[in-house]
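The structure follows.
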Amino acid sequence: RAFVVVPGPQNLGQEEYINQEIQNISRLVLFINGDEEGRFDISKIQHPNAEIWVQYPYAKHDSLNKLPIGVPKHLKELAPEYPSKDQDIYFSGQITHQRRQQIAEVLPTLPNALYTLTAGFAQGGEPKDYYKALASSKIAPAPAGAATIDTFRFFEALEMLCLPIYDRVDS
């Protein structure tokens, strides 16, 4: 029996080798993580007694277990004291697809909403300031990321006691 973690991007092209290596394991729990672009070919993994979990799921992973991305590891160090919820809605992020464009059009028109546009992933303000603004808000739109529906924002909102509004429409 074994739990096996395979970082997807670092093992592209190694799928058949990994498949051969796991055949001697009688019961397997396999985690494919970090494959945001969904390029690791999970279809090459064939095992008679495996439970497979995929981080950054795509439609082609519908039959597999989904492993949530969770929060970035720096959140624990940067989490603010939980303030009062002064803002109704907060979103800070890049505009990478239509659903985010809709947020960019609507949020600036809402009262007591805070919205900041960023140039790209992790290119906004300081993470500590982001978490403080998120913690002071009641609602956080959590649209799909640039590559998959899974985003840190959903889990960060939960951690900051904020209600995430999740988007199941893939970008």
Side-chain angles (χ1 to χ4, degrees), residues 5-9 29-40 42-43 51-171:
V5 178
V6 175
V29 179
L30 178 64
F31 299 94
I32 307 298
N33 70 345
D35 190 19
E36 186 175 6
E37 295 175 346
R39 298 183 341 180
F40 184 87
I42 195 74
S43 69
E51 186 175 323
I52 301 176
W53 291 78
V54 179
Q55 190 177 42
Y56 294 109
Y58 282 81
K60 65 184 176 182
H61 300 129
D62 275 351
S63 64
L64 304 175
N65 299 297
K66 307 330 182 256
L67 180 65
I69 187 173
V71 298
K73 66 181 185 176
H74 65 253
L75 179 126
K76 187 174 183 177
E77 302 155 7
L78 301 175
E81 292 294 322
Y82 294 106
S84 61
K85 301 285 186 179
D86 299 328
Q87 296 290 331
D88 288 333
I89 302 173
Y90 174 61
F91 178 82
S92 177
Q94 57 188 341
I95 305 304
T96 54
H97 54 77
Q98 180 187 10
R99 303 290 286 164
R100 288 175 177 238
Q101 182 62 43
Q102 291 169 334
I103 289 171
E105 291 169 5
V106 172
L107 274 186
T109 68
L110 298 177
N112 208 27
L114 180 59
Y115 166 76
T116 56
L117 178 64
T118 65
F121 180 73
Q123 295 180 23
E126 292 295 320
K128 185 175 182 178
D129 296 331
Y130 168 75
Y131 293 132
K132 185 176 181 181
L134 191 57
S136 69
S137 300
K138 298 171 188 168
I139 298 171
T148 68
I149 62 171
D150 209 5
T151 66
F152 287 125
R153 181 175 289 103
F154 177 82
F155 299 98
E156 291 167 331
L158 291 174
E159 190 73 27
M160 296 296 110
L161 304 176
C162 197
L163 176 66
I165 305 299
Y166 198 60
D167 181 7
R168 292 206 58 205
V169 177
D170 195 324
S171 57

Quiz: residues 154-163 side-chain donor-acceptor pairs under 3.5 angstrom, not counting sequence neighbours:
{"unit_1": "E156", "atom_1": "OE1", "unit_2": "Y130", "atom_2": "OH", "d": "3.0"}
{"unit_1": "E156", "atom_1": "OE2", "unit_2": "Y131", "atom_2": "OH", "d": "3.0"}

**Message:** What verdict does the side chain to side chain contact (heavy atoms under 4.5 Å, CB included) test give for V6 and L30, after you've listed the backbone C-alpha separation in whole Å, the side-chain angles of each residue and the deciding distance to 0.1 Å?
**Reply:** CA-CA 8 Å; V6 175; L30 178 64; 3.7 Å; yes
**Request:** Write out all pairs satisfying side chain to side chain donor-acceptor pair (under 3.5 Å) with one or both partners inside residues 61-71, taking only residues at least two apart or from two chains.
**Result:** none
**Message:** Restricting to side-chain contact (heavy atoms from CB on, under 4.5 Å), what partner residues turn up for L107, sequence neighbours left out?
**Reply:** I89, F91, I103, L110, A113, Y115, P141
**Message:** Testing the basics here: between V106 and T109, what is the closest heavy-atom pair and its distance to 0.1 Å?
**Reply:** O-OG1, 2.6 Å
**Prompt:** Do you know the tightest heavy-atom contact between T151 and P143?
**Reply:** CG2-O, 3.4 Å
**Prompt:** Can you list the residues that meet the side-chain contact (heavy atoms from CB on, under 4.5 Å) rule with P7, with sequence neighbours excluded?
**Reply:** Q10, N11, N33
**Complete:** dist Y90:OH -> K132:NZ (nearest 0.5 Å) comes out at 12.0 Å
**Prompt:** In Å, rounded to the nearest 0.5 Å, how long is the span from CZ of F40 to CG of D35?
**Reply:** 8.0 Å
**Asked** Of the non-hydrogen atoms in A135 and K85, which two are nearest, and what is the gap between them?
**Response** O-NZ, 2.8 Å
**Prompt:** Taking the side chain as C-beta and beyond, is there a heavy-atom pair between D150 and Y58 under 4.5 Å?
**Reply:** no
**Prompt:** W53 and Q55: side-chain donor and acceptor closer than 3.5 Å?
**Reply:** no
**Request:** Report the residues that fulfil salt bridge (charged side-chain N to carboxylate O under 4.0 Å, His left out) with K138, sequence neighbours left out, ordered by chain and then residue number.
**Result:** D88
**Request:** Check salt bridge (charged side-chain N to carboxylate O under 4.0 Å, His left out) between D86 and all other residues, then give those that pass, not counting sequence neighbours.
**Result:** none
**Message:** Could you check whether any side-chain N or O of R100 sits under 3.5 Å from a backbone N or O of A144, counting only pairs where one atom can act as donor and the other as acceptor?
**Reply:** yes
**Prompt:** Above 12 or not: heavy atoms from other molecules or residues under 6.0 Å from CD of E105?
**Reply:** yes
**Asked** Do you know the tightest heavy-atom contact between A142 and P164?
**Response** CB-CB, 4.4 Å
**Request:** State, yes or no, whether a side-chain contact exists between I95 and L117 at a heavy-atom distance under 4.5 Å.
**Result:** yes
**Presence of salt bridge, E37 and R39, under 4.0 angstrom** = yes
**Main-chain N/O of P127 paired with H74 side-chain donor or acceptor, under 3.5 Å** = no
